[in-house]
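Okay, so here's the structure we're looking at.
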Amino acid sequence: MDTLDNDIKFVAGVGEARAKLLERELGIRTLGDMLSHYPFRYIDRTRTYRISEITEAAGLSYVQFRARITGVAYAGTGRKRRFTAFAQDPTGQAELVWFQGVKWIEKRIEVGREYLVFGRPSFYRGELSVAHPELETMEQALSRKAESGMQGIYPSTEKLGNVLGAKGMYQIIYNAWTLVKDRIADPLPEAVRTRYGLIGLRDAIYNIHFPQSQEALRQAQYRLKFDELLGVQLNIQQRRTERLAKSNGFLFTRVGGVFNTFYTEKLPFPLTGAQKRVIREIRRDTVTGFQMNRLLQGDVGSGKTLVALMSMLLAVDNGFQACMMAPTEILARQHYATVCKMLDGMDVKVAVLTGASKARERRASLEGIASGEVDILIGTHALIEDRVQFSNLGFVVIDEQHRFGVEQRARLWTKNLQPPHILVMTATPIPRTLAMTLYGDLDVSVIDELPPGRRPIKTFHYTDAARLKLFGFMRQEIAKGRQVYVVYPLIKESEAMDYKDLTDGYEAISRDFPLPQYVTAICHGKMKPADKEESMRQFKQGEAHILVATSVIEVGVDVPNATVMVIESAERFGLSQLHQLRGRVGRGGEQSYCILMSGEKLSRESRARLEAMCETNDGFRLAELDLKLRGAGDINGTLQSGMAFDLKIASPTADVQILTVSREAAAEILAADPALAHPQNRGLEALRRRYSGREEIDFSRIS
């Protein structure tokens, strides 16, 4: 048995009770789990400050100083009781304060003794104060040779923090390390390490916990990230090879009457070059005999729905059914209306099915799909339910991919004996290199031009001082017969402050835009679904001039007459979310505007985000910028929710460069040994298994 699999309770300082706590709070059971619990930042303990150097202006997050205790004091009673020790060095004085564990600390502090004090500085009326510092007498400090000058700070939880402070966690990891340090086997063959300039695994684990220098830490992080991403890539590429070895895809050999009639007589406007290219790519995939797995990226309003519809018509021409899954009721109904309008007068039967379908509609849809009478079914995740049985499903379109979990998509794929072709559409542009790597076994298509007649949206950034100017502009647009969105951020559904913003905003707008001349509707997550639908309906049908909403309207609501999008507290949104919101306007032929409102004080990063929005409408450029600005920020949130891999240190978005290298390494390794069967690749096979994701479904077959 591998030493790394040993139970954590045998490590000095852990024992039965703490082992249970570590497992419950952090999922740590074995020595291996403990050593892959990595610090999220480091504090430099090599430097000892003088009190006079520790000022608010210095902006230090942790400090260490030598000081003599000159006196102690108590204040408050009962639970509010606190204990203060006064400390000084030749340059100044500081207060050390304890709110908990007073009995324990007062026994240990001696007035007149010199201590090494370590903790977080705060300032009260310009005086330095440190709450709950770590203390060592100078004798202890000099006898303890730290394992490393940089001390790791580990992710923890409140419960665990009360039992094991930062120091306790550090000590346990050190004790675990001493047990296993001579027993760490390296999964990577020497040749791979040399070729990619990687340090050994033993050194990497040592230097991630006890870095001997900044450079040693950098190399350790690189090596550990490389291992994780290589494990993921070995899986993705092995499965892709297997999928392409099985020819079990439906053949759509003919381009028949339905597709041609639509193309020649029904197209609302000529296809752009990009749309034609993507349709050709899909056509090519469906005649190879392999199952298609394609990711279609296109900016808001680039005409993805039209491409999806034409692909579904190809399936219909070849005797198959097609279905389209959308993330929300509103969006599914909207797709249904759009598709029905486009196919009006043609011999193609379309049905709709959502969680809110009335019994009659539901029964008709279910019977029509089962009998094969319905050609195209559009719906929400109600399509996944077991009672939805297709007669011959050949093509699946999934809209707004990041709203569906991987497992949900997998269920659709079992709706026929042979897997249908899959087209996944997303309006969150992902930089191409990243898409190729995250979805290593998906083919990526991009629609990168807007349909003719769409005017670019003009974007402006105003601060609160310009609110009157904004209201004047809104009145002008409404006078032209246009409509306006006003969106407020809602970070958490329950935050009182966010609701106050929204309701205050609604009241202010109702005052400045009074009835009967102006009608203002409101829409947010806490309303009853029926009320929400009613507000949306009023706005869609032009009965309301202004819709005050939270970002619930981010996806897909199509109101061609809305030309102004006002985003309040815009600095609190991520770039991709701002871009999604902006895409709600500019859907008709009129000039549209997006106005970003923010406070006067902005962080550098927020300012950069808002400037980027004003400069470009190109979602791909914004996505690349987002990567630069936030590392794994927004894109990570939307993509990783569907990822089946447990990554401890690497981020597919922030570590794009390591990802690309690991992908190349995986391809070379598998080209030489596809099954990883060579003795020298035994470690690699173990690494691959460790990152093979959730086992019950072969994820490479779904997006």
Side-chain angles (χ1 to χ4, degrees), residues 56-57 59 61 122-123 457-478 484-513 520 522-526 546-554 562-585 592-617 619 621-623 625-637:
E56 211 159 342
S61 50
S122 58
F123 297 88
I457 300 163
K458 292 185 178 169
T459 307
F460 302 100
H461 170 210
Y462 291 159
T463 56
D464 290 329
R467 193 158 296 281
L468 290 174
K469 188 168 152 192
L470 168 72
F471 283 174
F473 176 66
M474 285 165 62
R475 285 195 193 91
Q476 261 173 329
E477 284 293 298
I478 292 171
V484 180
Y485 289 104
V486 181
V487 177
Y488 284 85
L490 195 63
I491 310 299
K492 292 198 186 72
E493 282 284 305
S494 61
E495 273 180 31
M497 171 179 134
D498 292 330
Y499 271 107
K500 187 175 160 305
D501 285 356
L502 180 78
T503 42
D504 285 1
Y506 176 65
E507 281 164 14
I509 285 177
S510 304
R511 267 198 312 277
D512 276 273
F513 293 84
T520 304
I522 186 167
C523 182
H524 58 77
K526 286 222 165 140
I546 301 172
L547 178 66
V548 176
T550 55
S551 47
V552 289
I553 58 137
E554 176 187 346
T563 58
V564 182
M565 166 63 72
V566 178
I567 303 175
E568 295 284 351
S569 309
E571 71 274 20
R572 290 171 65 189
F573 288 102
L575 254 182
S576 77
Q577 212 182 3
L578 287 171
H579 181 61
Q580 286 271 344
L581 286 167
R582 172 166 66 184
R584 298 294 108 236
V585 295
S592 290
Y593 304 88
C594 173
I595 295 171
L596 308 170
M597 299 297 290
S598 77
E600 296 288 341
K601 280 189 180 157
L602 287 178
S603 68
R604 257 216 327 268
E605 188 195 302
S606 301
R607 193 171 294 283
R609 277 210 299 273
L610 300 182
E611 280 169 8
M613 283 291 293
C614 295
E615 275 160 33
T616 178
N617 276 304
R621 276 216 22 225
L622 289 173
L625 239 142
D626 214 11
L627 267 187
K628 277 201 194 78
L629 282 175
R630 299 159 57 105
D634 244 19
I635 289 184
N636 208 11

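Counting non-hydrogen atoms of neighbouring residues, nucleotides and ligands closer than 6.0 angstrom, the CZ atom of Arg621 reaches no more than 12 such neighbours.
A salt bridge links Glu568 with Arg467: the closest approach of a Lys/Arg side-chain nitrogen to an acidic carboxylate oxygen falls below 4.0 angstrom.
Minimum interatomic distance between Val566 and Met597 (heavy atoms only, all atoms of both residues): CG1-CG, 3.9 Å. Nearest heavy-atom pair, Ala570 versus Leu578, reported as atom, atom and distance to 0.1 Å: O-CD2, 3.9 Å. Closest approach of Leu596 and Cys614 over heavy atoms only: CD1-SG, 4.4 Å. Closest non-hydrogen pair, Thr550 versus Val487, comes out as C-CG1, 4.0 Å. When all heavy atoms of Met565 and Leu581 are compared, the pair lying nearest together is CE-O, 3.2 Å. Nearest approach of His461 to Ser598, heavy atoms of both residues: NE2-OG, 2.8 Å.
Residues meeting the side chain to side chain donor-acceptor pair (under 3.5 Å) test with Ser569, sequence neighbours left out: none.
A side-chain donor-acceptor contact under 3.5 Å links Arg609 to the backbone of Phe573. A donor-acceptor contact shorter than 3.5 Å links the side chain of Ser510 to the backbone of Tyr506. Distance alone, capped at 3.5 Å, is enough to place a donor-acceptor pair between the Asn617 side chain and the Ile457 backbone. A distance-only check finds a donor-acceptor pair linking the side chain of Arg582 to the backbone of Met613 [under 3.5 Å].
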For this session: Quick one: do Met474 and Val486 satisfy side-chain contact (heavy atoms from CB on, under 4.5 Å)? Show the steps, please.
Result: CA-CA 10 Å; Met474 285 165 62; Val486 181; 4.2 Å; yes
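Judged by the 6.0 Å distance and 45° axis criteria, Arg475 is positioned over the aromatic ring of Phe513.
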